[in-house]
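Just below is one structure, and these are the notes that go with it.
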Protein chains: 2
Amino acid sequence: MKCVSEKSEDKIREAAKRVFLKKGYDGTTSRDIANEADMNIALTNYYFRSKEKLFIEIFKDLMGLYFQSVIDILNKPVDIKTKISEVIENNYQMMKQEPDLVIFIMNEIHKVPERLLLKIPLYQQFKSTLFSQQLEAGIKKGTLRPIRIESILPLMTSCIEFLFLGKGIHQQVFNMSDTDFQEFAESHKEHVKAMICNYLILAD
Amino acid sequence: MKCVSEKSEDKIREAAKRVFLKKGYDGTTSRDIANEADMNIALTNYYFRSKEKLFIEIFKDLMGLYFQSVIDILNKPVDIKTKISEVIENNYQMMKQEPDLVIFIMNEIHKVPERLLLKIPLYQQFKSTLFSQQLEAGIKKGTLRPIRIESILPLMTSCIEFLFLGKGIHQQVFNMSDTDFQEFAESHKEHVKAMICNYLILAD
DNA sequence: GAACATTTTAAACATTCGTTTAAACTAATC
DNA sequence: GATTAGTTTAAACGAATGTTTAAAATGTTC
């Protein structure tokens, strides 16, 4: 029994994740979720009590997905130049795999800022990464440009994420097909890597 | 009478713009708009026929606002380094003044890509700017890094716009108050200017 | 296999949605 | 000042929303 019930619960959770990612909280109805999961309408409330409770659970998951991989890379024992490339590369792969993730997170937080009240102390986590120590040491040595971690993190992610955030706009404005865009994004990614390393690294 | 009716129509339009920007299309109800405009519910349909017609009208306006000022600057008769700084500065001021604009546009297009079917041939407009000619000439001379206009335009806007797109996240993650954020954004902007110029301009 | 707990179902709930109606109000025209 | 055209109003419309119900179906336990 436990097995079967978990299956239903997960089916709904996964279906809800897909629909929420595509349509957002306001744009998603309980019936949308039930249809996507191919289950009865009442089951969403049977397992999750309400649409909002289900949403919050999924939202937390996705926030974790968004941040955790970056933190992991920032702690890897590699030199800072490699690490920057890896962060950007990872960011790029994540966007390719889940292109709706960032616009979804940004938009939901924009509409209801209270949703972000996670207890996760992200600032401490970022500050205590190996990357942060490497940055500080490099600046002291004069091999890295003096810049705060608050600035370097967005620099590493914004260019790639923005490209996918505005994928529709970019494709339309520049007359790109899906394959055109993919090719373009790939080359853009390399520009971004080079540009950020160029700027940050003063001497090897 | 024309005078009075225009007043009512504009009151609704402006109120709708505020609400749509904050809550998005799905999150906005006709009654929200009527309340914000302090007018009777039936007037939205009396003047604009439907919620969607009103939305489309506003959306077109905002798309114009988003693109036109950039195109204007790209055509200004100044050297390319100054121009890059100006585009970024303009972008920054726009985000400060209308912080909801970009997330709104990105999100609505993401949900309903058909909305972007403007007849505006933006690609041609960008390609035929003075900036585009300066870029091409500079690359031929070897003073500018070879890069497509498709890449340089997002580079100039993404860092700043992304900062405001994720304003909520950034403030929360880095424990910033509103004034903290403003100060931070200002310094971040200077980094972005320097970084892009550094990368693009090979020799003066 | 009878008693029980869990899961699934169809149907309904009250509320809110975008929109329409028809009457009341206002201002201009003759 | 009666007639007309344009504007605003309160009330209602059917449809869709999130949620609940109570019965049916299914699985578990002894």
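Letters A, B, ... mirror the listed sequences (proteins, then strands); counts begin at 1. The shown structure was predicted, so the numbers you read here are calculated from the model rather than taken from an experiment.
By the ring-ring contact (aromatic ring centres under 6.0 Å, His included) test, B/Tyr66 pairs with no residue at all, sequence neighbours left out. Under the ring-ring contact (aromatic ring centres under 6.0 Å, His included) criterion, B/His110 pairs with no residue at all, not counting sequence neighbours. Applying the ring-ring contact (aromatic ring centres under 6.0 Å, His included) criterion to A/Phe55, with sequence neighbours excluded, gives A/Phe20, A/Tyr25, A/Phe59, A/Phe104. A search for ring-ring contact (aromatic ring centres under 6.0 Å, His included) contacts involving B/Phe48 returns nothing, not counting sequence neighbours. Partners of A/Lys23 according to the side chain to side chain contact (heavy atoms under 4.5 Å, CB included) rule, which considers only residues two or more places apart in sequence or in another chain, are A/Val19, A/Thr28, A/Asp32.
B/Tyr47 places its OH atom 12 Å from the P atom of D/dG6, with the value rounded to the nearest Å. Here the C1' atom of nucleotide D/dA16 and the NZ atom of A/Lys23 are 13 Å apart, to the nearest Å. Atom CG of A/Leu43 and atom C1' of D/dT19 are 13 Å apart (whole Å). In this structure, the CD atom of A/Glu9 is 14 Å from the P atom of C/dT6, given to the nearest Å. Between the NZ atom of B/Lys7 and the P atom of C/dT26 there is a distance of 17 Å, rounded to whole Å. Between B/Met39 atom CE and C/dT26 atom P the separation is 14 Å, expressed in whole Å.
At least one side-chain nitrogen or oxygen of B/Ser8 sits closer than 4.0 Å to the OP1 or OP2 atom of D/dT8.
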Checklist line | Per-nucleotide protein contact string for nucleotides 18-25 of chain C, where B marks a base within reach and S marks sugar-phosphate only (heavy atoms under 4.0 Å, - for neither) | finding: BBBB----
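Between B/Leu74 and B/Leu153 there is a side-chain heavy-atom pair separated by less than 4.5 Å.
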